[in-house]
Q: 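Can you read through this structure? Questions will come right after.
Just so it is clear, the values below take in all heavy atoms, side chains as well, and ignore hydrogens, waters and symmetry mates. All chains are named by letter (A, B, ...) in the order of the sequence lines, taking the proteins before the strands, and each is independently numbered beginning at 1.
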There are 2 protein chains.
Amino acid sequence: MPQPSAPRKAPGRPARISREEIIDTARRIVAEGGVKGLTMRRLAAEVGSTPMAIYHHVRDKEELLVLLLDDYAARTLRRSRLPADSRERVVAAAGAVHDALAACPWIVEVLTADDLMSTSALWFVEQIVDGLVECGLPLDRAVHGYRAIWYYTAGEIVVRATAARRRADDDRATYREHVFADLDPAELPRLAQASERWAALTAEDTYEDGLRALVDGLLAGRRG
Amino acid sequence: MPQPSAPRKAPGRPARISREEIIDTARRIVAEGGVKGLTMRRLAAEVGSTPMAIYHHVRDKEELLVLLLDDYAARTLRRSRLPADSRERVVAAAGAVHDALAACPWIVEVLTADDLMSTSALWFVEQIVDGLVECGLPLDRAVHGYRAIWYYTAGEIVVRATAARRRADDDRATYREHVFADLDPAELPRLAQASERWAALTAEDTYEDGLRALVDGLLAGRRG
DNA sequence: GTACTTTTTCTTACACGTACGGAAATCTGT
DNA sequence: ACAGATTTCCGTACGTGTAAGAAAAAGTAC
């Protein structure tokens, strides 16, 4: 792996391709043909090299995708004006991250990352943690609260994106409907009651509602 | 795809392998060698057939994994005694599902499923929705509440599992530490303040805390 | 029995990610 | 100029998921 800050002139064979060039080309390929069109061979061809040359700048394809997501986040997550009220600031910051990521369709393959990704997202993390602290949470609890918000956000995006992908692929979606159509009202009364509306209810975008509920619950802070 | 309920005797060449046999064998392979050891070729060999024969019982590998997860859920999710108190019942039901899934290490490859999977999980969904209704939520809100709980739960599992996998793989974990070590306290004061404890805080298991906060927030129900 | 239909199985082939090892291109020291 | 050292690049090879279509094995109709 090449160190980012080579102090002087480096010995060894000079590099003909750079990580930046790789990422730029990969971004273009994804923009044109989706993440499915991004193959190491294609990428190598477009960059004027060979597949195995890329592996000296990138550990594997997963790292390349993470790098791509970082790149995407860095250029779409612009710090916006957030509300002055602390609680609203938490909601708005989380919502901004959510919206940016949700607009990125190939995200699922990557979004299983631990923390939030690129340094450009850290500012939003700061806003969330700080907002929670200003609302009276101790720092530890605020960090845990941020984690909970991130779990909720990542889960929402991944679940919805996968559902959309499956729906586009084929008819697996109809399977759920079958399950819900044949519910025994004696055993699962609530689900039977909601069965007809289940698909519609599930399709609704309730991210912000759930987020507000989570934040409210975090700030109400029962327990010692 | 063979229809599950062939009414009489079927014409055509008789099947030598069944979906059940495939899933059983796949489960054994995963139990022995992890999900990484499960390849279509290996599976075909162990089932005494050829790779392409399997594709007549299973759409693709992803569906096979979903089937495996369903199978796993069906045999580990046993209906247990849940608390009588509605709110506690919601927490306990969600916790039971969470614990069962979190114990399944290969889950990440699959858990991006839309709803909860097998019919054996529906009972838990019922408990959650019913508990929320009994706490006073209208049915629509209860279903949305269940969705929020599922987002949070799935997100927690996926994020943690991926983090664990990355940590096992290599040294990418140290990258985050570098980022947090070089924070500018002027720009990101809270993160800088928490930077040293960040890894420890992140490692803590706060699933239930977040879940309770979410449930509390859902039940407090501000907004109209 | 022979022809046709239907269902399952198998053969072949392709593009993929990437491990391995060696070749090429540069710098440093003599 | 020459000999390492070091870094980057690349040719080859393996195992993967699976698309396409041929082949096999059963039933039915005549």
Q: Has A:Ser49 got a side-chain N or O lying under 4.0 Å from the OP1 or OP2 atom of D:dC9?
A: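 No.
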Q: Which pairs pass salt bridge (charged side-chain N to carboxylate O under 4.0 Å, His left out) with one or both residues in residues 195-206 of chain B, sequence neighbours excluded?
A: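 For residues 195-206 of chain B, and leaving out neighbouring residues, the salt bridge (charged side-chain N to carboxylate O under 4.0 Å, His left out) pairs sorted by first residue read A:Asp140-B:Arg197.
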Q: So, under a plain 3.5 Å distance rule, would you say the side chain of B:Arg41 forms a donor-acceptor pair with the base of D:dG15?
A: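 For B:Arg41, whose side chain was compared with the base of D:dG15, there is no donor-acceptor pair (under 3.5 Å).
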Q: Could you list the donor-acceptor pairs under 3.5 angstrom formed between side-chain atoms of residues 35-43 of chain B and any protein atom two or more places apart in sequence or on another chain?
A:
{"unit_1": "B:Thr39", "atom_1": "OG1", "unit_2": "B:Arg42", "atom_2": "N", "d": "3.0"}
{"unit_1": "B:Arg42", "atom_1": "NE", "unit_2": "B:Glu46", "atom_2": "OE2", "d": "2.9"}
{"unit_1": "B:Arg42", "atom_1": "NH2", "unit_2": "B:Glu46", "atom_2": "OE2", "d": "3.0"}

Q: If I take atom CD1 in residue B:Ile29 and atom C1' in nucleotide D:dT16, what distance separates them, rounded to the nearest angstrom?
A: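 Distance, rounded to whole Å: 15 Å.
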Q: Can you name the residues that form a salt bridge (Lys or Arg N to Asp or Glu O under 4.0 Å) with A:Asp99, not counting sequence neighbours?
A: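 A:Asp99 satisfies salt bridge (Lys or Arg N to Asp or Glu O under 4.0 Å) with no residue once adjacent residues are dropped.
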Q: Inspect the contact between A:Arg27 and A:Glu32 and indicate whether a charged nitrogen and a carboxylate oxygen are less than 4.0 angstrom apart.
A: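 The answer is no: the pair does not qualify as a salt bridge.
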Q: Just the rounded figure in Å: distance from P of D:dG17 to CD of B:Glu63.
A: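 Those two atoms, CD and P, are 15 Å apart.
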Q: Minimum heavy-atom separation for A:Asp60 and A:Tyr55, please, with both atom names.
A: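 Closest heavy-atom pair between A:Asp60 and A:Tyr55: CA-CE2, 4.0 Å.
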Q: For A:Asp130, give me all partners under side-chain contact (heavy atoms from CB on, under 4.5 Å), at least two apart in sequence or on another chain.
A: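 Here the qualifying residues are A:Arg89, A:Glu126, A:Glu134, B:Arg190.
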Q: Could you pick out which residue, A:Pro11 or B:Pro51, lies toward the 5' side of DNA chain D when each is mapped onto its nearest nucleotide?
A: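 Looking at DNA chain D, the more 5' nearest nucleotide goes with A:Pro11.
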Q: To the nearest Å, give me how far apart CG (B:Asp60) and P (C:dC16) are.
A: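 Taking atom P of C:dC16 as the reference, CG of B:Asp60 is at 18 Å.
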Q: Please report, rounded to the nearest Å, how far the C1' atom of C:dC16 is from the NZ atom of A:Lys61.
A: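 In whole Å, C:dC16 C1' lies 8 Å from A:Lys61 NZ.
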Q: Between the protein and nucleotides 21-25 of chain D, list every N/O to N/O distance that falls short of 3.5 Å.
A:
{"unit_1": "D:dA24", "atom_1": "N3", "unit_2": "B:Arg13", "atom_2": "NH1", "d": "3.4"}
{"unit_1": "D:dA25", "atom_1": "N3", "unit_2": "B:Arg13", "atom_2": "N", "d": "3.3"}

Q: Assign A:Ala53 to base, sugar-phosphate, or nothing according to its heavy-atom contacts below 4.0 angstrom with the strands shown.
A: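 Base: the residue A:Ala53, judged by heavy atoms under 4.0 Å, touches a nucleobase.
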Q: Classify the nucleic acid contact of B:Thr50 as base, sugar-phosphate or nothing, counting any heavy atom under 4.0 Å across all strands shown.
A: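 The answer is base, as B:Thr50 lies within the cut-off (heavy atoms under 4.0 Å) of a base atom.
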Q: What is the separation between atom CZ on B:Arg16 and atom P on C:dT8, rounded to the nearest whole Å?
A: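 Taking CZ of B:Arg16 and P of C:dT8, I get 14 Å after rounding.
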Q: Please report, rounded to the nearest Å, how far the P atom of D:dG17 is from the CD atom of B:Glu62.
A: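 Atom-to-atom, B:Glu62 to D:dG17, this comes out as 13 Å.
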Q: Quick check: on DNA chain C, is the nucleotide nearest B:Ile17 upstream (toward 5') of the one nearest A:Arg42, or the reverse? Name the residue that is more 5'.
A: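 The answer here is B:Ile17.
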Q: Once you round it to whole Å, what is the distance between P of D:dG15 and CG of B:Leu43?
A: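 Going from CG in B:Leu43 over to P in D:dG15 covers 18 Å.
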Q: Using whole Å, what does the distance between atom P of nucleotide D:dT18 and atom NE2 of B:His57 come to?
A: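 Atom-to-atom, B:His57 to D:dT18, this comes out as 16 Å.
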Q: Sequence neighbours left out, what passes side-chain contact (heavy atoms from CB on, under 4.5 Å) with B:Ala93? Give chain and number order.
A: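 Expected list: B:Leu82, B:Phe124, B:Gln127, B:Ile128.
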Q: Assuming nearest nucleotide by heavy-atom distance, tell me which of A:Leu38 and B:Ile54 is located more 5' along DNA chain C.
A: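 The residue closer to the strand's 5' end, by nearest nucleotide, is B:Ile54.
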